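This report refers to the structure that appears directly beneath it.
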Protein chains: 2
Amino acid sequence: MTQTVSQLRPTAAELGILRALWDLGPSTVRQVQEAVSRDEPTGYTTVLKFLQIMHQKGLVERDESSRAHVYRARVTQQDTQRLMTSQLVDRLFDGSRSKLVLAALGDSGAATPEELAAIRAVLNDLERRSS
Amino acid sequence: MTQTVSQLRPTAAELGILRALWDLGPSTVRQVQEAVSRDEPTGYTTVLKFLQIMHQKGLVERDESSRAHVYRARVTQQDTQRLMTSQLVDRLFDGSRSKLVLAALGDSGAATPEELAAIRAVLNDLERRSS
DNA sequence: ACTTTCGTACGAAGTGCTTCGTTTTCGGCT
DNA sequence: AGCCGAAAACGAAGCACTTCGTACGAAAGT
């Protein structure tokens, strides 16, 4: 049953819970439920069930020492971003990351001047590195 | 039953079929099935069923004048790219497109010099536009 | 006209995702 | 010790997605 976490894709609802955990850090079910419900009202046992499933899958770990178990994300936001971005690129952009970038930037109003500067910095870095 | 196509999100299997249609242009079920099966072997009636469902949803249109109906994508690849990219950004990048861009570029080996140049061009364009 | 072939249409089964009601367990309080 | 409130565990229902078997109809060859 052990599975490589790095290849595990969270479902839509699981992603909502991961977002709460990334935001809050280690949390009880109740805390997660309250955070998630701000976005999308969700019952307590629903959230509990997801956390149990995710624990089984290895997406989260939990500390059972207290009466109210404390859950913590076992995948980082960055890794998940990379994974899901890769999958989108594969499925929809013919495997070309830069096509995704162009699409994301192409939509007007996408970025503030500061963000553009940050992107430019990365770009400079990449070009320096490759030469 | 009429629904705005621009908000319609194709499922995983539907996306595979759309990719074939984008690639081939207007095609019969058999042609789509052959193309899709190169990636992922799929039965004829399975593909037919999907095309029927997608027709119902408005994702594709069909010409029934010949015995073998001819299907054609009703959403462009670009629109779908925009839609799904937006959703990824909302769900996983706190609504910031540039975070997605940084993540996509950050992975080394992502882009060739030509691609980087193309991105830089878009960047220049954006900055000129905003000033 | 008859059979074979190829296509559409339909229904339904299998699977995974989502949600929640009910039951059980645990600690604290009296 | 017994009760109460909060939490965990369990089971199942509802829904969407995926897949395919079967039936039926039309065209083409003999």
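Just so it is clear: chains get the letters A, B, ... in the order the sequence lines come, proteins before strands, and each one is counted from 1. Keep in mind that what you see is a predicted model, and the values were worked out from it rather than measured.
Between B:Glu115 and A:Lys99 there is no salt bridge, since no side-chain N of the basic residue sits under 4.0 Å from a carboxylate O of the acidic one.
Nucleotide D:dA9 holds its P atom 11 Å from the CG atom of A:Leu51, rounded to whole Å. Put simply, NE2 on B:His55 is 13 Å from P on C:dC10, counting in whole angstrom units. Atom CG in A:Leu59 sits roughly 14 Å away from atom C1' in C:dC17 (whole-Å rounding). Computed from coordinates, the A:His69 NE2 to C:dT25 P distance equals 14 Å when rounded to whole Å. Going from atom CD of B:Glu64 over to atom P of D:dA27 covers 14 Å, rounded to whole Å. Atoms CD (A:Glu40) and P (C:dC20) sit 10 Å apart, rounded to a whole Å. Atom CG in A:Asp63 sits roughly 15 Å away from atom C1' in D:dA8 (whole-Å rounding).
At C:dA9, one or more side-chain N or O atoms of B:Arg62 fall inside 4.0 Å of OP1 or OP2 (strictly under the cut-off). Phosphate contact (OP1/OP2 of D:dA6, side-chain N/O of A:Tyr44, threshold under 4.0 Å): absent. Contact between the side-chain N/O atoms of A:Arg30 and the OP1/OP2 oxygens of D:dA7 is found at a separation under 4.0 Å. Remark: A:Gln52 is in phosphate contact with D:dA9, judged by side-chain N or O atoms under 4.0 Å from OP1 or OP2.
Summary of the strand contacts: A:Thr42 and B:Ala68 both lie near DNA chain C, and taking for each the nucleotide with the nearest heavy atom, the more 5' one is attributed to B:Ala68.
At distances below 3.5 Å, at least one donor-acceptor pair connects side-chain atoms of B:Thr85 with backbone N or O atoms of B:Gln81. Counting only distance, with no hydrogens or angles, the side chain of A:Glu14 and the backbone of A:Thr11 share a donor-acceptor pair below 3.5 Å. Under a 3.5 Å cut-off, the side chain of B:Gln33 and the backbone N or O of B:Thr42 do form a donor-acceptor pair. Checked by atom type and distance alone, the side chain of B:Trp22 never pairs as donor or acceptor with a backbone atom of B:Ile17 at under 3.5 Å.
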Please enumerate all protein N or O atoms sitting under 3.5 Å from an N or O of nucleotides 16-18 of chain D, with distances to 0.1 Å.
| unit_1 | atom_1 | unit_2 | atom_2 | d |
| --- | --- | --- | --- | --- |
| D:dT18 | OP1 | B:Ala13 | N | 3.3 |
| D:dT18 | OP2 | B:Thr11 | OG1 | 2.4 |

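With hydrogens and angles left out, the side chain of A:Arg67 and the base of D:dA8 share no donor-acceptor pair within 3.5 Å.
No side-chain donor from either of B:Ser96 and B:Asp94 sits under 3.5 Å from a side-chain acceptor of the other.
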Does the pair B:Gln78 and B:Thr76 meet the rule for a side chain to side chain donor-acceptor pair (under 3.5 Å), with working shown? CA-CA 5 Å; B:Gln78 197 176 52; B:Thr76 65; 5.5 Å; no
